[in-house]
Amino acid sequence: TAGIVTLTANWSANEYTISYELNNGSYGTSHPTSATFDNVVTIDNPTREGYSFAGWTITSGLNTSTAKHGTTNSTVTSPIENSSTKIMSKYFKNLTPSGSVTLSANWSSNTYTLTLDGNGVSVSPTSVSATYDSTYKDLPNLTRDGYTFNGWYIGNTKIINGDTVKITSNATATASWSAVTYTVTLSANGGSVNPTSITVTYNSTYSNLSAPTREGYTFDGWYTASSG
């Protein structure tokens with residue numbers, strides 16, 4: 001007896017592989033290396049010191065007719081229209097029906113505020129912007145009576161214009177100073193004195209002034225002029 005036989009197709013969802021180009025970053029917690037078609041895959045944002053994550057671009061293997069992304073696990077419905085689209089979402093689906101895809105991390109360097117502490121003198125400007133991995137370029141030179149400017153320091157690290165920025169948060173750069181040492185010549189003004197000169201440091205005290213002698217006279221002290 002003739003009859004009708006119905007054949008039902010059975011399907012197994014394809015698995016595709018996922019690779020990553022982190023571009024000097026580090027993996028987030030979830031970074032699967034494979035996904036099954038029609039299943040949502042969770043890919044956490046990577047991290048990189050001094051940079052903010054600026055999204056994934058899918059640089060190879062993308063199928064724009066199937067690929068979707070979303071901000072929650074249940075709303076993975078936004079199409080991925082091309083390989084240059086930067087995607088901040090962490091949920092993806094159907095990036096390709098088969099084969100492999102490559103996700104490339106994009107980064108934006110962070111900019112921080114560097115406060116300038118003159119350490120005894122006023123500074124203008126009082127702060128400068130510093131972008132990670134760029135160079136310092138607006139650090140002013142300072143002057144101060146009786147002192148030599150040694151430069152700007154963040155903690156124990158000296159920075160100069162042209163150095164690469166490596167701070168990862170707002171910071172303070174402090175001016176370093178060295179008091180100048182001078183030679184003072186001692187003129188006995190008709191008497192005798194030993195030694196005939198001493199060294200003194202600005203803003204310190206005179207501590208080694210010898211008293212001269214002169215026959216028939218009493219020493220009245222040292223002055224910066226012989227009379228007046």
Side-chain angles (χ1 to χ4, degrees), residues 9-115 127-138 152-159 162-174:
N10 289 278
W11 302 98
S12 296
N14 290 338
E15 186 175 273
Y16 56 91
T17 60
I18 304 172
S19 59
Y20 302 88
E21 296 172 345
L22 297 181
N23 298 319
N24 296 317
S26 300
Y27 284 113
T29 302
S30 177
H31 51 278
T33 56
S34 64
T36 302
F37 197 77
D38 269 343
N39 288 354
V40 174
V41 61
T42 302
I43 303 174
D44 288 325
N45 292 346
T47 58
R48 183 181 176 188
E49 187 176 59
Y51 288 80
S52 295
F53 180 60
W56 295 107
T57 49
I58 302 174
T59 54
S60 69
L62 174 68
N63 188 305
T64 57
S65 64
T66 60
K68 300 287 189 294
H69 70 98
T71 55
T72 67
N73 188 283
S74 59
T75 59
V76 187
T77 57
S78 300
I80 303 175
E81 297 178 348
N82 58 66
S83 61
S84 62
T85 301
K86 293 180 181 179
I87 304 164
M88 292 295 296
S89 305
K90 61 183 293 185
Y91 300 102
F92 297 85
K93 184 178 180 181
N94 299 347
L95 296 178
T96 184
S98 61
S100 63
V101 294
T102 300
L103 276 67
S104 180
N106 294 273
W107 303 99
S108 175
S109 52
N110 296 333
T111 297
Y112 305 101
T113 296
L114 184 66
T115 300
S127 65
V128 296
S129 294
T131 300
Y132 194 85
D133 266 350
S134 66
T135 58
Y136 293 104
K137 59 182 179 179
D138 298 314
W152 294 103
Y153 284 78
I154 301 175
N156 293 322
T157 302
K158 184 177 182 179
I159 58 171
D163 281 351
T164 301
V165 176
K166 289 299 181 183
I167 58 173
T168 55
S169 63
N170 295 335
T172 297
T174 303

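Residue numbers count from 1 along this sequence. Model, not experiment: these values are computed from the prediction.
- Across Asn110 and Ser52, no two heavy atoms sit closer than the pair OD1-OG, 2.6 Å.
- With sequence neighbours left out, Ser19 forms a side chain to side chain contact (heavy atoms under 4.5 Å, CB included) with Thr102.
- Between the NZ atom in Lys93 and the OG1 atom in Thr77 there is a gap of 9.5 Å [rounded to 0.5 Å].
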Sequence neighbours excluded and cut-off under 3.5 Å, please list the side-chain donor-acceptor pairs for residues 163-174, or say none.
residue: Asp163; atom: OD2; partner: Ile160; partner atom: N; Å: 3.0
residue: Lys166; atom: NZ; partner: Asp133; partner atom: OD1; Å: 2.5
residue: Asn170; atom: OD1; partner: Thr113; partner atom: N; Å: 2.8

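- Annotation: the span from Tyr112 atom OH to Ser129 atom OG amounts to 12.5 Å, rounded to 0.5 Å.
- Remark: Tyr136 pairs with no residue by the ring pair (Phe, Tyr, Trp, His ring centres under 6.0 Å) rule, at least two apart or across chains.
- Of the inter-residue distances, the one linking Arg48 atom CZ with Asn23 atom CG reads 7.5 Å to the nearest 0.5 angstrom.
- The only option from Ile43, Asn73, Asp44 that meets the side chain to side chain contact (heavy atoms under 4.5 Å, CB included) definition with Lys90 turns out to be Asp44.
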- request: Apply side-chain contact (heavy atoms from CB on, under 4.5 Å) to Ile87 and Phe92, showing your working.
  value: CA-CA 10 Å; Ile87 304 164; Phe92 297 85; 3.9 Å; yes
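- The structure places OG of Ser89 at 13.0 Å from NZ of Lys68, a figure rounded to the nearest 0.5 Å.
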task: Walk me through it: do Asn82 and Thr64 pass the test side-chain hydrogen bond (donor to acceptor under 3.5 Å, both in side chains)?
output: CA-CA 6 Å; Asn82 58 66; Thr64 57; over 6 Å; no
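- For the ring pair (Phe, Tyr, Trp, His ring centres under 6.0 Å) test, residues two or more places apart in sequence or in another chain that qualify with Phe53 are Trp56, Trp107.
- Closest non-hydrogen pair, Thr75 versus Thr72, comes out as OG1-OG1, 2.5 Å.
- When every heavy atom of Ser100 is checked against every heavy atom of Thr17, the shortest pair comes out as CB-OG1, 2.8 Å.
- In this structure, OG1 in Thr131 is found 7.5 Å from NZ in Lys137, a value given to the nearest 0.5 Å.
- Between the OG atom of Ser98 and the OH atom of Tyr16 there is a distance of 11.0 Å, given to the nearest 0.5 Å.
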field: Verdict with supporting geometry, Leu114 and Asp138, side-chain contact (heavy atoms from CB on, under 4.5 Å)
entry: CA-CA 10 Å; Leu114 184 66; Asp138 298 314; over 6 Å; no
- prompt: Between Leu95 and Leu103, does a side-chain contact (heavy atoms from CB on, under 4.5 Å) hold up when you go through it step by step?
  reply: CA-CA 10 Å; Leu95 296 178; Leu103 276 67; 4.1 Å; yes
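- In terms of heavy-atom proximity, Ala54 sits nearest to Ser108 at CB-N, 4.2 Å.
- In this structure, Tyr153 has no ring pair (Phe, Tyr, Trp, His ring centres under 6.0 Å) partners at least two apart in sequence or on a different chain.
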Can you give the donor-acceptor pairs under 3.5 Å from side chains of residues 26-41 to other protein atoms, not counting sequence neighbours?
residue: Ser30; atom: OG; partner: Thr42; partner atom: O; Å: 2.6
residue: His31; atom: ND1; partner: Gly28; partner atom: O; Å: 3.0
residue: Asp38; atom: OD1; partner: Asn94; partner atom: ND2; Å: 3.2

